[in-house]
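All remarks here apply to the structure that follows.
Throughout, a chain's letter reflects where its sequence line sits, starting with A, and its residues are numbered from 1. Because the structure is a prediction, the values reported are computed rather than measured.
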Amino acid sequence: ELKVEQNPLFLSMQEGKNYTIYCNYSTTSDRLYWYRQDPGKSLESLFVLLSNGAVKQEGRLMASLDTKARLSTLHITAAVHDLSATYFCAVDLYGGSQGNLIFGKGTKLSVKP
Amino acid sequence: DAGVTQSPTHLIKTRGQQVTLRCSPKSGHDTVSWYQQALGQGPQFIFQYYEEEERQRGNFPDRFSGHQFPNYSSELNVNALLLGDSALYLCASSPRTVLAKNIQYFGAGTRLSVL
């Protein structure tokens, strides 16, 4: 059974600090997705990582993928309050590109002044 | 471009009833996937429709069924509702031909409450 595990599940940060969210998965998928969800809202795509060693950055967020270790990280630099949300990683169900995503439980990030 | 639209936004049903949720994909998209998101959990894949057929299915009972219409819109039907079916139901769409490199776009969801 495919498992996607995120840690930590809850993260309380102070503004200006750095932190990393980890996503481990059990299949041999070569692509991984990161989404953001605000309370009561839908999912917003942040990054699509399509190959081993892929690194993408957008503002204060940077995501990387190590397919050999089956690990992706989402690094937060100099956190600000606007980054408070729940972050999900996901992989394809059959390890391919069919768009049938298996999500982790999410990391609820709270950035405090 | 209206993006992925879902209706209704909220729904309250009682146990044993049946419900139909609707989804219109983003313009140019022909593949629709449905997800169930329980409170405090990540979305769980229910099934995917392409060319009016169910192509992939997650670990959900037969009470969950769907349909895709020629205009690519889709419906999710749930029969014999259980309390545990209370969740946010998300629809996602993507163009099939470039699914490998494309992002699934999610709708705002339908919040279903079963009493």
#### Entry: Single-linkage hydrophobic cluster B:Tyr72~B:Tyr49, side-chain heavy atoms < 4.5 angstrom
no
### Query
When rounded to the nearest 0.5 angstrom, what is the spacing between CG in A:Asn100 and OG1 in B:Thr31?
9.5 Å
### Task
Mark yes when over 12 heavy atoms from residues, nucleotides or ligands other than B:Phe64 sit less than 6.0 Å from its CZ; otherwise mark no.
yes
### Query
Quick check: are there more than 12 heavy atoms from other residues, nucleotides or ligands sitting under 6.0 Å from OH of A:Tyr22?
no
### Query
Does atom NZ of B:Lys13 have more than 12 heavy-atom neighbours from other groups under 6.0 Å away?
yes
### Query
Would a distance-only check, ignoring hydrogens and angles, find a side-chain to backbone donor-acceptor pair under 3.5 Å from B:Tyr35 to A:Leu101?
yes
### Query
Any idea which of A:Leu43, A:Leu9, A:Thr86, A:Val4 has the most non-hydrogen atom pairs under 4.5 angstrom with chain B?
A:Leu43
### Query
For B:Ala108 and A:Ser42, which heavy atoms make the closest approach, and how far apart are they?
CA-CB, 3.6 Å
### Query
For the candidates B:Gly40, B:Pro43, B:Ala92, which exhibits the highest count of non-hydrogen atom pairs separated by less than 4.5 Å from chain A?
B:Pro43
### Query
Hey, does A:Gln37 have a side-chain heavy atom less than 4.5 Å from the side chain of B:Leu88?
yes
### Query
If you draw a 6.0 Å radius around CZ in B:Phe69, do more than 12 non-hydrogen atoms from other residues or ligands fall strictly inside?
yes
### Query
Is the number of heavy atoms from other residues, nucleotides or ligands under 6.0 Å of B:Arg63 CZ greater than 12?
yes
#### Entry: Of all pairs that satisfy disulfide (SG to SG under 2.5 Å), the ones with a partner from residues 29-80 of chain B, not counting sequence neighbours
none
### Query
Would you find more than 12 non-hydrogen atoms of other residues, nucleotides or ligands less than 6.0 Å from B:Leu39 atom CG?
no
#### Entry: Residues, nucleotides or ligands: over 12 heavy atoms within 6.0 Å of A:Tyr25 OH
yes
### Query
Mind checking whether A:Tyr35 and B:Gln104 have side chains closer than 4.5 Å, heavy atoms only?
yes
#### Entry: Crowding at CG, B:Asn59 (>12 non-hydrogen neighbours, <6.0 Å)
no
### Task
Can you measure from CD (B:Gln44) to CD1 (A:Ile102) and round to the nearest 0.5 angstrom?
8.0 Å
### Message
I need the contact set between residues 52-60 of chain A and chain B: heavy-atom distance under 4.5 Å, sorted by residue number.
### Response
none
### Task
May I ask you to test the A:Phe88-B:Gln37 pair for a side-chain heavy-atom distance under 4.5 Å?
yes
